Protein chains: 2
Amino acid sequence: MSNPNLTAVSYVVLGLVAHGATTAYDMKQKIAGSVGYFWAFPHSQLYAEPARLVELGLLEEEREQRGRRRRIFSITEAGRQALGDWVREPATEPTQIRDTGLLKLFFGDSLSPQEVRSLAEAQERVHRERLAVYESIEHAIEEPRHADTLRAGLLFERTFVEFWRELATRR
Amino acid sequence: MSNPNLTAVSYVVLGLVAHGATTAYDMKQKIAGSVGYFWAFPHSQLYAEPARLVELGLLEEEREQRGRRRRIFSITEAGRQALGDWVREPATEPTQIRDTGLLKLFFGDSLSPQEVRSLAEAQERVHRERLAVYESIEHAIEEPRHADTLRAGLLFERTFVEFWRELATRR
DNA sequence: GGGTACATGTAATCAGTTACATGATTTA
DNA sequence: TAAATCATGTAACTGATTACATGTACCC
């Protein structure tokens, strides 16, 4: 990535603030309904990471003077630049699919055919549920910007529902 | 996961040794042609992780007496048991897709249509290349055990080639 | 026998996770 | 006004990455 100090999480935070997120909790909310589905991390990161970005001059922090004294973040010109550079440079790292179910299938040579079917059924269920979530987001779409990534999610889940279903019903 | 001391990487190592891998380098080789495609990690982990598993009594370590004095690992009964328990218990964690290209698309609202197409073309290329690799493995398959996970990979890559191709050619 | 690729590891650092803690707001 | 939930953070730990270092085998 352009700036070697920045990780994918850095850009998620930077991007969220660019999209108008102001506090850590606000970011958490937005992640929960979008990127969090494919690139999750715990909320504590949302307190650590912005601090790093402020350090680098990519975000600005302001403290509420009363009430909760929350940290309010905004993106700097340098931050906007860094984000823009990053989205424009080609993505090199290959896609990683962290899927425990697949891992179990891969190392499951001690499983009986029935046990494989159980695993597959459970996985099919999980992907069906996720698919249902994406479909409901699709219907209530209010961010047309995210329609494309959402579609990637839909395609992915449909593919995996089908993959596991085939395994679950195989004789 | 059953044993809270164990991570996904622990099970990858355990699984590889169960499949007959003996040294760290041996594991590295096997990962490179299989799980590494969807769950990668640096080779230094393959020196740290087995040590942890020996500590827990799930692997046994033996040192070559001459030459390179390599560490030779083998799985213990407890290790086999732990692996078996793990593959049999349902996978709970949802699938994570760590794809920088998707992230860039998600946060790329400053991109022009042309820039989006460039991103999509580059991503399509990457997935096509990966697909070609999987297809060549498919033809030369010597581990029928892994045919199913390989098929998941093929389906995944085909889905994403199609996804990015559509974006790249959209007007 | 000098170079190159293969093979084996360690050390230091840091990102990321887990666990804890508590304040503010809503609701019953 | 007590309980529950929402919201905001910090501390400690450790898994994972990066960088370094060196040995061994092959080959020109």
Side-chain angles (χ1 to χ4, degrees), chain A residues 1 3-14 16-17 21-33 35-36 38-56 58-59 61-73 92-94 96 98 100 103, chain B residues 1 3-14 16-17 21-33 35-36 39-56 58 61-73 92-94 96 98 100 103:
Chain A
M1 307 188 184
N3 188 331
N5 296 319
L6 302 181
T7 68
V9 171
S10 312
Y11 290 108
V12 170
V13 169
L14 216 47
L16 288 168
V17 177
T22 54
T23 68
Y25 191 72
D26 198 8
M27 296 179 213
K28 188 185 158 185
Q29 303 283 77
K30 297 199 164 167
I31 286 169
V35 254
F38 65 97
W39 203 308
F41 47 87
H43 82 278
S44 64
Q45 283 274 101
L46 295 174
Y47 293 89
E49 192 57 40
R52 231 175 286 173
L53 296 173
V54 167
E55 208 60 26
L56 294 165
L58 306 178
L59 289 185
E61 178 183 336
E62 200 182 340
R63 199 90 192 211
E64 278 186 342
Q65 281 313 314
R66 43 185 53 262
R68 300 199 166 191
R69 308 204 64 251
R70 282 178 286 221
R71 298 188 163 92
I72 310 291
F73 297 99
T92 51
E93 322 76 32
Q96 300 283 311
R98 263 85 210 280
T100 319
L103 224 44
Chain B
M1 307 189 184
N3 188 330
N5 296 320
L6 302 181
T7 70
V9 171
S10 311
Y11 290 108
V12 170
V13 169
L14 217 45
L16 288 168
V17 178
T22 54
T23 68
Y25 190 73
D26 197 8
M27 296 179 213
K28 189 185 158 185
Q29 302 284 75
K30 299 201 163 167
I31 287 170
V35 256
W39 204 308
F41 47 88
H43 82 279
S44 64
Q45 283 275 100
L46 294 174
Y47 293 90
E49 192 58 40
R52 230 173 288 172
L53 296 173
V54 168
E55 206 61 26
L56 293 166
L58 306 177
E61 179 183 335
E62 199 181 342
R63 200 90 191 210
E64 278 185 343
Q65 282 312 314
R66 41 185 56 261
R68 302 198 162 190
R69 308 204 65 249
R70 282 178 287 221
R71 298 186 164 94
I72 311 290
F73 297 99
T92 51
E93 322 75 33
Q96 300 284 308
R98 264 84 209 281
T100 320
L103 224 43

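By convention in this document, chain letters (A, B, ...) are assigned in the order of the sequence lines, proteins followed by strands, and residues within each chain are numbered from 1. These numbers come from a predicted model, not from an experiment.
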For atom CG of A:Asp26 and atom P of D:dA7, their distance in whole Å: 10 Å

query: Nearest-Å distance, CH2 (B:Trp39) to P (D:dT17)?
result: 11 Å

task: Using atom CD of B:Gln96 as one end and atom C1' of C:dG16 as the other, report the distance to the nearest whole Å.
output: 13 Å

query: Whole Å only: how far is the CG atom of B:Asn5 from the P atom of D:dG15?
result: 8 Å

message: Please enumerate all residues that pass side chain to side chain contact (heavy atoms under 4.5 Å, CB included) together with A:Ile72, with sequence neighbours excluded.
response: A:Thr22, A:Thr23, A:Glu62, A:Glu64, A:Arg70

- line: Out of C:dG9, D:dA16, D:dT8, minimum distance to the side chain of B:Arg63 belongs to C:dG9

message: Counting only side-chain nitrogens and oxygens, does A:Arg98 get under 4.0 Å of the OP1 or OP2 atom of D:dA16?
response: no

- request: Answer whether the closest heavy-atom distance between the side chains of B:Thr7 and B:Val12 falls below 4.5 Å.
  value: no

Pair pattern of DNA chain C in dot-bracket, where unpaired bases get dots and | marks partners in another strand, Watson-Crick or G-U under 3.5 angstrom: ||||||||||||||||||||||||||||

task: Output all residues satisfying side chain to side chain contact (heavy atoms under 4.5 Å, CB included) with B:Gln45, sequence neighbours left out; order by chain, then residue number.
output: B:Val9, B:Phe41, B:Pro42

- prompt: Which whole-number value in Å describes the distance from B:Glu93 CD to C:dT18 P?
  reply: 10 Å

statement: Heavy-atom closest pair (B:Lys30 atom, B:Ala21 atom, distance to 0.1 Å) is NZ-N, 3.9 Å

task: Could you list the residues that satisfy side chain to side chain contact (heavy atoms under 4.5 Å, CB included) with A:Phe38, not counting sequence neighbours?
output: A:Val35, B:Ile97, B:Leu102, B:Leu103

message: Nearest whole Å is fine: how far is C:dA7 P from B:Met27 CE?
response: 15 Å

task: Would you mind telling me which of C:dG16, D:dG9, D:dG15 lies closest to the side-chain atoms of A:Val9?
output: C:dG16

- line: Correct closest heavy-atom pair for B:Pro50 and B:Val13 would be CG-CG1, 4.1 Å

query: Got a sec? Which of residues 41-54 of chain A come in under 4.0 Å of DNA chain D, heavy atoms?
result: A:His43, A:Ser44, A:Tyr47

field: d(CD1, B:Ile31; C1', C:dT8) in whole Å
entry: 15 Å

- line: d(B:Phe73 CZ, B:Leu46 CG) to nearest 0.5 Å is 9.5 Å

message: Just to verify, what does B:Glu55 make a side chain to side chain donor-acceptor pair (under 3.5 Å) with, not counting sequence neighbours?
response: none

query: Can you name the nearest heavy-atom pair linking A:Ala40 to B:Arg98, along with the distance?
result: O-NH2, 2.9 Å

- prompt: Between A:Tyr25 (OH) and D:dT8 (P), how many Å, whole number?
  reply: 7 Å

